[in-house]
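Structure, as structure tokens:
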Amino acid sequence: MAKLLVPLVVLGAVSGAGVPVSPPSPRCPPRCLCPAAAPSPTLLCARTGLLAVPPSLDRGAVELRLADNFIGAVGRSDFANMSSLVHLTLSRNGLRRLAPGAFADLRALRALHLDGNRLPALSGPQLRGLASLRHLILANNQLAAIDAAAFAAFAATVEDLDLSHNNLPALPWDAVAAMGSLATLTLDHNLLERVPAGAVARLPRLARLDLTANRLRALPPVPGPPGPALAAGGNPLHCNCELLWLRRVAQPGRLETCATPAPLAGRLLGAVPEEELTCRAPAVTAAAAHPPAVTEGQPLRLGCAAVGDPPPALHWLGPDGRVVQNGSRRLVGADGSLELRVATLRDHGGFTCVAANAAGEAAARVDVVVVPLPVPRGRDGDGDAAAAEAGPGPSDMAQAGGNDTWGGPGERRVVAAEVTGSSARIRWLPQRHVPGVRMVQIQYNSSADDALVYRLLPPSSRTFVLRDLAPGRLYELCVSALRVVGDPPAAPRSLGCVSFATAAAPPGCAAPPRPHFLGGTVIIVIGAAIAASVLVFILILTARWKAAGARRPPPALTSVCSQTNGGPRPAETPELPPLPPLPPPAGGGPAAGGARGLFPSHSYPRRARPRRHGSLPRLDAPEGSPLGPPLRPSFGSTHWMLESTV
């Protein structure tokens with residue numbers, strides 16, 4: 001038996017040595033599988049107990065599966081530079097946080113699975129960069145809010161959006177309606193209470209819409225036939241005439257059930273006859289103004305209540321018959337109330353509350369009384385008659401005659417002085433007899449503008465300058481005292497009104513420049529003047545330097561000599577006395593010292609010393625000296641040198 005085992009072991013060793021074994025890929029993270037037989041780089045890291053995204057991922061991978069792990073957060077650099085990734089699965093990880101731009105580099109990603117996690121909300125930057133995404137699965141999370149910009153990156157490419165089993169009370173329907181390629185929208189098991197009319201109709205390729213188990217009481221009609229496959233069971237539907245379209249498209253097996261009205265509660269919508277799906281026309285139950293009469297400039301609130309099936313929508317018509325829109329002075333509330341923040345003479349009259357639903361309309365009139373501010377009385381007593389005949393004018397302020405308001409004989413309460421084309425100074429009398437004054441209010445407007453302008457001043461103010469007025473216009477201004485007396489605070493007390501006209505602009509003359517334009521111009525002019533002065537100064541210095549250089553005569557040199565190699569020196573230069581002969585060496589003549597006797601200066605070091613060349617005249621020679629006139633030292637000549645004895 002042993003003789004048979006030995007050849008088998010040898011044969012196995014030889015055969016094993018002949019088959020090469022590929023070492024593990026350095027790009028495959030630990031615990032992950034990287035099948036080499038896959039047509040594209042694939043990383044299988046599911047159910048491996050990972051606590052975070054492995055840092056050693058193959059950045060060229062096409063598919064990455066990280067499902068069923070314990071990854072609680074995804075950072076900005078976890079999927080950086082993975083531009084080839086097409087499929088990413090992060091399902092069932094308990095994921096709570098996505099860093100902004102966590103998927104910014106996944107430009108080729110087409111499928112992203114984030115279901116089975118604990119994401120509380122989605123913001124715009126979290127899904128940024130997914131320009132090719134087609135399938136987004138966010139089911140079974142804890143989403144309570146979604147930012148309108150969260151879907152902006154892939155609105156044109158996404159085909160499948162799954163938001164089921166979340167806590168969404170509302171959805172950014174405008175962002176969803178912009179998904180032109182969306183084919184499947186799954187919204188079941190949420191807390192949705194309404195679907196806006198026309199939101200589904202704006203999705204031309206929608207094939208399936210799941211709204212099961214929400215809190216919807218009504219459904220807007222969907223386009224068709226053929227329309228998208230709709231599932232709306234498990235909602236507390238209010239079965240009336242608005243659901244006739246759903247009753248007509250219902251198919252066997254549909255589970256849409258009526259919750260109200262009471263006679264239809266608990267019945268399947270498909271089993272209810274169409275004649276029982278009725279609506280009731282609206283009726284206005286209450287409409288009134290609070291308070292019914294106000295002074296011009298005070299706030300006013302109009303309330304309206306109506307009943308009907310379905311609940312009617314409320315809107316208001318003004319005294320001119322136009323629909324009241326929200327603005328700076330008017331605000332329509334969600335409950336149908338109308339708030340007039342500043343009552344004007346144009347609000348005097350009848351407002352109409354209109355209630356409308358699918359069964360009809362109902363209207364109720366509410367009369368509003370706006371008492372104009374006190375009309376000033378002129379000295380001749382004609383002011384009241386003229387104002388009474390004129391009635392409410394186009395302006396929001398009470399009409400006043402002249403430029404002053406008179407509080408009594410010889411007393412002017414509000415005065416407009418120093419009136420120019422763009423400003424006016426307003427003065428008023430002290431109001432010490434008015435208790436509890438906390439602030440002084442000035443309100444004014446022009447004859448060509450309906451918008452009131454307000455200014456709030458301290459109670460001690462007695463004058464104020466109005467600026468930025470338009471030239472050639474009539475302005476109407478009132479001064480009021482804001483008091484705090486009692487609970488609620490007392491209404492503002494009028495201190496007086498005044499009407500004044502600004503001066504017209506001269507024909508053919510432009511308006512004076514603004515102060516900031518003048519300031520900028522002055523700065524530019526001053527800077528230009530400084531620059532010009534510096535330039536002129538530099539030119540003057542340059543010209544003077546050139547002129548001084550031209551007047552300076554060239555240096556006159558009487559003798560220019562250079563060192564020669566033993567040649568005769570000029571006759572006019574006196575020779576210096578010869579140097580004394582060097583003493584003979586201690587050893588005798590040249591024969592005694594050999595080469596050292598011929599070159600005695602090389603036998604020991606000597607320090608070089610400065611010496612004036614003998615061929616040069618003295619620089620400090622006096623006038624008339626036989627050495628000739630003294631020379632000036634020149635830095636460009638070689639009159640000084642350092643010699644060494646050779």
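Residue numbers count from 1 along this sequence. Just so you know, these numbers use all the heavy atoms, side chains as well, and skip hydrogens, waters and symmetry mates.
- Checked by atom type and distance alone, the side chain of Trp245 pairs as donor or acceptor with a backbone atom of Leu219 at under 3.5 Å.
- Separation of atoms CG (Leu246) and CG (Leu230) is listed at 6.5 Å; rounding is to 0.5 Å.
- Other residues, nucleotides and ligands contribute over 12 non-hydrogen atoms within 6.0 Å of the CZ atom of Arg76.
- Val200 has its side chain out of reach of Pro221: every pair of non-hydrogen atoms, C-beta onward, lies at least 4.5 Å apart.
- Side-chain atoms of Asn214 come within 3.5 Å of backbone N or O of Leu192 as a donor-acceptor pair.
- For the side chain to side chain contact (heavy atoms under 4.5 Å, CB included) criterion with Phe151, the lone passing option out of Leu133, Val158, Ile146 is Ile146.
- A 4.5 Å side-chain heavy-atom check between Arg329 and Leu340 finds every atom pair outside the cut-off.
- Counting all heavy atoms, side chain and backbone alike, Ala175 lies closest to Ala148 at CB-O, 3.4 Å.
- Between the side chain of Thr260 and the backbone N or O of Cys258 there is no donor-acceptor pair closer than 3.5 Å.
- Listed for the Asn167 side chain is no donor-acceptor partner under 3.5 Å among the backbone atoms of Ala144.
- Judged by distance alone, with hydrogens and angles left aside, the side-chain atoms of Asn93 form no donor-acceptor pair with the main-chain N or O of Leu95 at under 3.5 Å.
- If you take OG on Ser83 and CG on Leu85, they are separated by 9.5 Å, rounding to the nearest 0.5 Å.
- Across Tyr454 and Gln443, no two heavy atoms sit closer than the pair CE2-OE1, 3.0 Å.
- A distance of 6.0 Å separates CG in Leu90 from CD1 in Ile71, rounded to the nearest 0.5 Å.
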Criterion side-chain contact (heavy atoms from CB on, under 4.5 Å) on Asp210 and Leu185, from CA distance to verdict: CA-CA 6 Å; Asp210 193 348; Leu185 179 59; over 6 Å; no
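- Among residue pairs with one or both ends in residues 50-71, none qualify as ring pair (Phe, Tyr, Trp, His ring centres under 6.0 Å); sequence neighbours excluded.
- Side-chain atoms of Asn69 come within 3.5 Å of backbone atoms of Thr48 as a donor-acceptor pair (strictly under, hydrogens ignored).
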Which pairs of donor and acceptor atoms, one on a side chain in residues 318-327, lie under 3.5 Å apart (sequence neighbours left out)?
residue: Asp320; atom: OD1; partner: Arg322; partner atom: N; Å: 3.3
residue: Asn326; atom: OD1; partner: Val332; partner atom: N; Å: 2.7

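- Residue Leu138 comes nearest to Leu119 through the heavy atom pair CD2-CD1, 4.3 Å, listed as atom of the first residue, atom of the second, then distance.
- Pairs of residues two or more places apart, or lying in two chains, that qualify as salt bridge (charged side-chain N to carboxylate O under 4.0 Å, His left out) and include a residue from residues 52-63 are Arg27-Asp58, Glu63-Arg65.
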Run Arg248 and Glu274 through salt bridge (charged side-chain N to carboxylate O under 4.0 Å, His left out) and show every step you take. CA-CA 9 Å; Arg248 292 168 182 171; Glu274 292 187 5; 3.4 Å; yes
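- Side chains of Val354 and Leu314 form no contact here, defined as non-hydrogen atoms less than 4.5 Å apart.
- In this structure a side-chain-to-backbone donor-acceptor pair under 3.5 Å is missing from Asn357 to Val307.
- The line from CE of Met439 to CZ of Arg455 is 14.0 Å long, rounded to the nearest 0.5 Å.
- The backbone N or O of Asn235 sits nowhere less than 3.5 Å from a side-chain atom of Arg215 that would complete a donor-acceptor pair.
- Rounding to the nearest 0.5 angstrom, the gap separating the CG atom in Leu187 from the CG atom in Leu171 is 5.5 Å.
- In this view, Glu276 and Arg267 satisfy the salt bridge (Lys or Arg N to Asp or Glu O under 4.0 Å) rule, not counting sequence neighbours.
- Taking the ring-ring contact (aromatic ring centres under 6.0 Å, His included) definition, one finds that His165 meets it with His189, sequence neighbours left out.
- Val525 is not listed as a side-chain neighbour of Val522, based on a closest heavy-atom distance of 4.5 Å or more.
- In this structure, the side chain of Asp188 does not engage the main chain of Thr212 through any donor-acceptor pair within 3.5 Å.
- If you take CG on Leu130 and CG on Leu88, they are separated by 9.5 Å, rounding to the nearest 0.5 Å.
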Test side-chain contact (heavy atoms from CB on, under 4.5 Å) applied to Glu256 and Leu237, step by step: CA-CA 8 Å; Glu256 289 82 3; Leu237 297 176; 3.9 Å; yes
Can you list the steps and then say if Leu143 with Leu163 is a side-chain contact (heavy atoms from CB on, under 4.5 Å)? CA-CA 9 Å; Leu143 295 176; Leu163 296 171; 4.3 Å; yes
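- In this structure, Cys241 and Thr278 have side chains that are not in contact, with every pair of non-hydrogen atoms separated by 4.5 Å or more.
- Identified under the salt bridge (charged side-chain N to carboxylate O under 4.0 Å, His left out) test for residues 35-48, with sequence neighbours left out: Arg47-Asp68.
- A search for salt bridge (Lys or Arg N to Asp or Glu O under 4.0 Å) contacts involving Arg301 returns Asp335, not counting sequence neighbours.
- Using a 4.0 Å cut-off between charged side-chain N and carboxylate O, Glu159 and Arg205 make no salt bridge.
- Within the 4.5 Å cutoff, the side chain of Asp160 has heavy atoms near those of the Ile137 side chain.
- Considering all non-hydrogen atoms of both residues, Thr352 and Ala363 come closest at CG2-CB, 3.9 Å.
- Nearest heavy atom pair, residue Leu300 against residue Val294, reads CD1-CG1, 4.0 Å.
- Taking the side chain as every heavy atom from C-beta outward, Pro35 and Leu44 approach each other to under 4.5 Å.
- Counting only residues at least two apart or on different chains, no ring pair (Phe, Tyr, Trp, His ring centres under 6.0 Å) pair has a member in residues 305-336.
- Proximity of Asp115 to Asn117: side-chain heavy atoms (C-beta onward) are nowhere separated by under 4.5 Å.
- Within the structure, the side-chain hydrogen bond (donor to acceptor under 3.5 Å, both in side chains) test picks out no pair touching residues 174-184 (sequence neighbours left out).
- Of the candidates His238, Arg217, Glu242, Pro310 forms a side chain to side chain contact (heavy atoms under 4.5 Å, CB included) with just one, namely Glu242.
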With side-chain contact (heavy atoms from CB on, under 4.5 Å) as the criterion, how do Leu136 and Leu161 come out once you've worked through the C-alpha distance, each side chain's angles and the decisive distance to 0.1 Å? CA-CA 5 Å; Leu136 177 59; Leu161 179 60; 3.9 Å; yes
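- Counting only residues at least two apart or on different chains, no side-chain hydrogen bond (donor to acceptor under 3.5 Å, both in side chains) pair has a member in residues 132-151.
- Between the side chain of Thr285 and the main chain of Ala305, a donor-acceptor pair closer than 3.5 Å is present.
- Applying the salt bridge (Lys or Arg N to Asp or Glu O under 4.0 Å) criterion to Asp162, with sequence neighbours excluded, gives no partner residue.
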Only distances under 3.5 Å count here; give the side-chain donor-acceptor pairs of residues 99-114 to other protein atoms, sequence neighbours excluded, each with its distance to 0.1 Å.
residue: Asp105; atom: OD2; partner: Asn81; partner atom: N; Å: 3.0

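- Pro29 and Leu43 make their closest contact through CD-CD2, 4.4 Å (heavy atoms, listed as atom of the first residue, atom of the second, distance).
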